[in-house]
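Report on the following structure.
Just so you know, ligand 1 is whichever comes first in the structure, and atom 1 is the first atom listed for that ligand. Quick caveat, the model's predicted, so the values are computed rather than measured. Starting from 1, each residue takes its place in the sequence as its number.
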Amino acid sequence: MALIVQKYGGTSVASPAHIIRIAEKIAARRAQGFDVVAVVSAMSGETNRLQALAREIDPTPSPRELDVILSTGEQVTIALLSMALEAQGCAAHSYTGAQVHILTDSMHNKARIINIDARRLRQDLDAGRVVVVAGFQGVDEAGNITTLGRGGSDTTAVALAAALRAEEYQIYTDVDGVYTTDPRVVPEARRLERLTYEEMLEMSSLGAKVLQIRSVEFASKYNVPLRVLSSFEDGPGTLIIKEEEGMEQVQISGIAFNRDEAKLTILGVPDQPGVAGNILCPIAEAGVEVDMIIHNIAEDTTTDFTFTIHRNDYDRALRILQDTAAALKAREVSGDDRIVKISLVGVGMRPHAGIASKMFRALADEGINIAMISTSEIKISVVVEEKYLELGVRALHSAFGLEL
Ligand code: ADP
Ligand code: ASP
Ligand code: MG
């Protein structure tokens with residue numbers, strides 16, 4: 001029988017009434033003869049609440065214990081959804097990530113899935129039951145509970161779909177597809193019919209939280225189409241697929257942004273071979289990921305070096321850089337954790353010159369200063385002050401005619 005894997009995000013399971021509605025949708029699919037695996041998130045706001053609770057005890061809780069508490073949010077919704085299904089006469093079993101045996105590495109709070117043992121789920125499906133799985137979590141070799149990073153239920157769903165060789169992956173959320181940009185920031189944003197994995201990978205990695213990036217990586221690796229749909233209304237949603245010849249190529253398919261950015265600069269570092277490594281190695285050893293880098297050409301015997309990191313790592317990275325500055329006899333360290341990154345994404349930008357200059361002009365016309373720039377074949381990113389985020393995204397959306 002054809003198997004569908006569906007994922008329902010936090011707003012889709014926000015209350016018992018929501019859960020009952022989702023159960024009706026699943027039961028209807030089951031009645032059509034499909035096998036269904038449903039992956040659910042915690043009720044909206046719950047993961048934040050659990051995180052805040054942990055921080056009341058310890059502002060920097062142990063990552064292992066944080067995973068133990070965070071994983072409980074999803075355990076509540078799987079039980080409620082299974083109960084709702086059973087109450088509607090649809091047989092169902094719920095499982096936590098550890099029960100399924102979603103094996104991950106041991107990187108607490110951002111674990112990666114290594115393997116999924118789908119046997120138990122298969123048995124349930126063969127017995128005619130809907131299987132409800134807790135998103136966002138797994139277990140490591142040693143039996144510790146792990147979580148997959150914010151938005152990780154998307155990845156659970158896609159990984160399960162790949163493991164079970166599902167016909168379709170369906171991600172149900174609170175918007176009816178992937179838009180040209182976040183419709184909450186630009187009301188004129190337009191739903192996209194189709195998008196390539198490559199474009200969605202860029203959109204996700206650049207901050208469009210509608211899909212967690214790892215879910216898109218999985219979908220692309222196994223080449224299975226991914227459809228983003230609304231939990232609340234029927235519609236075609238957005239289909240994310242492999243790039244095909246003859247696919248209509250718009251220059252810019254979307255604008256992504258990321259509010260979680262911070263930048264650090266080390267000024268007046270004696271310029272010598274190995275300086276970049278000396279600055280970044282201690283940062284990397286502390287597990288802090290570096291995104292953009294600008295290394296100025298030395299005018300005298302010293303140089304300046306700027307890089308961006310996740311805002312949560314700002315204080316830690318600042319302290320490390322101050323130690324490095326002392327060791328390297330640099331002049332000073334400065335930083336700013338009130339910056340954001342705005343990016344234009346589109347496979348169609350490859351053959352076109354002039355997109356970057358049009359982008360910079362549109363921002364300049366609004367009086368927005370660009371602090372950093374980075375480009376790849378299918379994206380251009382800029383770093384600007386946080387207060388200009390909405391203005392900048394709207395200006396670019398209109399400059400590139402994305403509402404049309
Ligand atoms: P869920 O809880 O269902 O996983 P998320 O909040 O993680 O939902 O993701 C959906 C949200 O992503 C939308 O409500 C929207 O605000 C945001 N979003 C950001 N960029 C986009 C985009 N390009 N298209 C659609 N939604 C986007
Ligand atoms: N509940 C987790 C979060 O809020 C995982 C998810 O919703 O995908 O990030
Ligand atoms: Mg999400």
(request) Would you please determine whether Gln212 falls within less than 4.0 Å of ligand 2 on a heavy-atom basis? (result)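 No, Gln212 has no heavy atoms under 4.0 Å from ligand 2.
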(message) Tell me whether ligand 2 is touched by Gly10 - counting only heavy atoms on the residue side and a distance under 4.0 Å.
(response)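 No heavy atom of Gly10 comes that close to ligand 2.
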(message) Just to verify, what does Arg49 make a salt bridge (charged side-chain N to carboxylate O under 4.0 Å, His left out) with, not counting sequence neighbours?
(response)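 Here the qualifying residues are Glu46.
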(message) Among residues at least two apart in sequence or on other chains, which ones pass salt bridge (charged side-chain N to carboxylate O under 4.0 Å, His left out) with Asp182?
(response)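 Not a single residue meets the salt bridge (charged side-chain N to carboxylate O under 4.0 Å, His left out) criterion with Asp182.
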(message) Quick test: of every protein heavy atom, which one is nearest to atom 7 (O) of ligand 2, and how far off is it to 0.1 Å?
(response)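 For atom 7 (O) of ligand 2, the nearest protein heavy atom is Ser41 OG, 3.1 Å.
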(request) Among all protein heavy atoms, pick the one closest to atom 3 (C) of ligand 2 and tell me residue, atom and distance. (result)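 Minimum-distance protein heavy atom for atom 3 (C) of ligand 2 reads Arg150 NE, 3.3 Å.
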(request) Flag Ser153 as yes when one of its N or O atoms lies below 3.5 Å from any N or O atom of ligand 2, and as no otherwise. (result)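 Yes: some nitrogen or oxygen of Ser153 is under 3.5 Å from one in ligand 2.
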(message) Any nitrogen or oxygen of Gly151 lying under 3.5 Å from a nitrogen or oxygen in ligand 2? Just yes or no.
(response)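 Yes, Gly151 has an N/O under 3.5 Å of an N/O on ligand 2.
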Can we say [X] and [Y] salt-bridge, meaning some charged N sits less than 4.0 Å from an Asp/Glu carboxylate O?
{"X": "Glu233", "Y": "Arg21", "answer": "no"}
{"X": "Arg191", "Y": "Glu193", "answer": "yes"}
{"X": "Lys263", "Y": "Asp337", "answer": "no"}

(request) Indicate, as side chain, backbone, both or neither, the part of Glu46 found under 4.0 angstrom from ligand 2 when only non-hydrogen atoms are considered. (result)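 No part of Glu46 comes within reach of ligand 2.
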(message) Quick check for you: to the nearest 0.5 Å, what is the distance between Tyr179 atom OH and Arg184 atom CZ?
(response)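 Going from the OH atom of Tyr179 to the CZ atom of Arg184 covers 10.5 Å.
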(request) Mind checking the CD-CG spacing from Glu332 to Asp304? Nearest 0.5 Å is all I need. (result)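 Here the interatomic distance stands at 9.0 Å.
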(message) For the residue pair Gln32 / Arg29, report whether a side-chain donor-acceptor contact shorter than 3.5 Å exists.
(response)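 Yes, Gln32 and Arg29 have a side-chain donor paired with an acceptor closer than 3.5 Å.
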(request) If a pair satisfies side chain to side chain donor-acceptor pair (under 3.5 Å) and one of its residues is in residues 140-160, list it, with sequence neighbours excluded. (result)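 Side chain to side chain donor-acceptor pair (under 3.5 Å) check on residues 140-160 returns Lys7-Asp154, Ser41-Ser153, Asn48-Arg150, Gln51-Arg150, Arg64-Asn144, Asp67-Thr147, Thr104-Thr146, Ser106-Asp140, Asp140-Asn144, Thr155-Gln212.
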(message) Give the residues near ligand 1 by chain and number, with the criterion being a heavy-atom distance under 4.0 Å.
(response)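 For ligand 1, the contacting residues are Lys7, Gly9, Gly10, Thr173, Asp174, Val175, Gly177, Val178, Tyr179, Thr181, Asp182, Pro183, Arg184, Met203, Ala208, Lys209, Val210.
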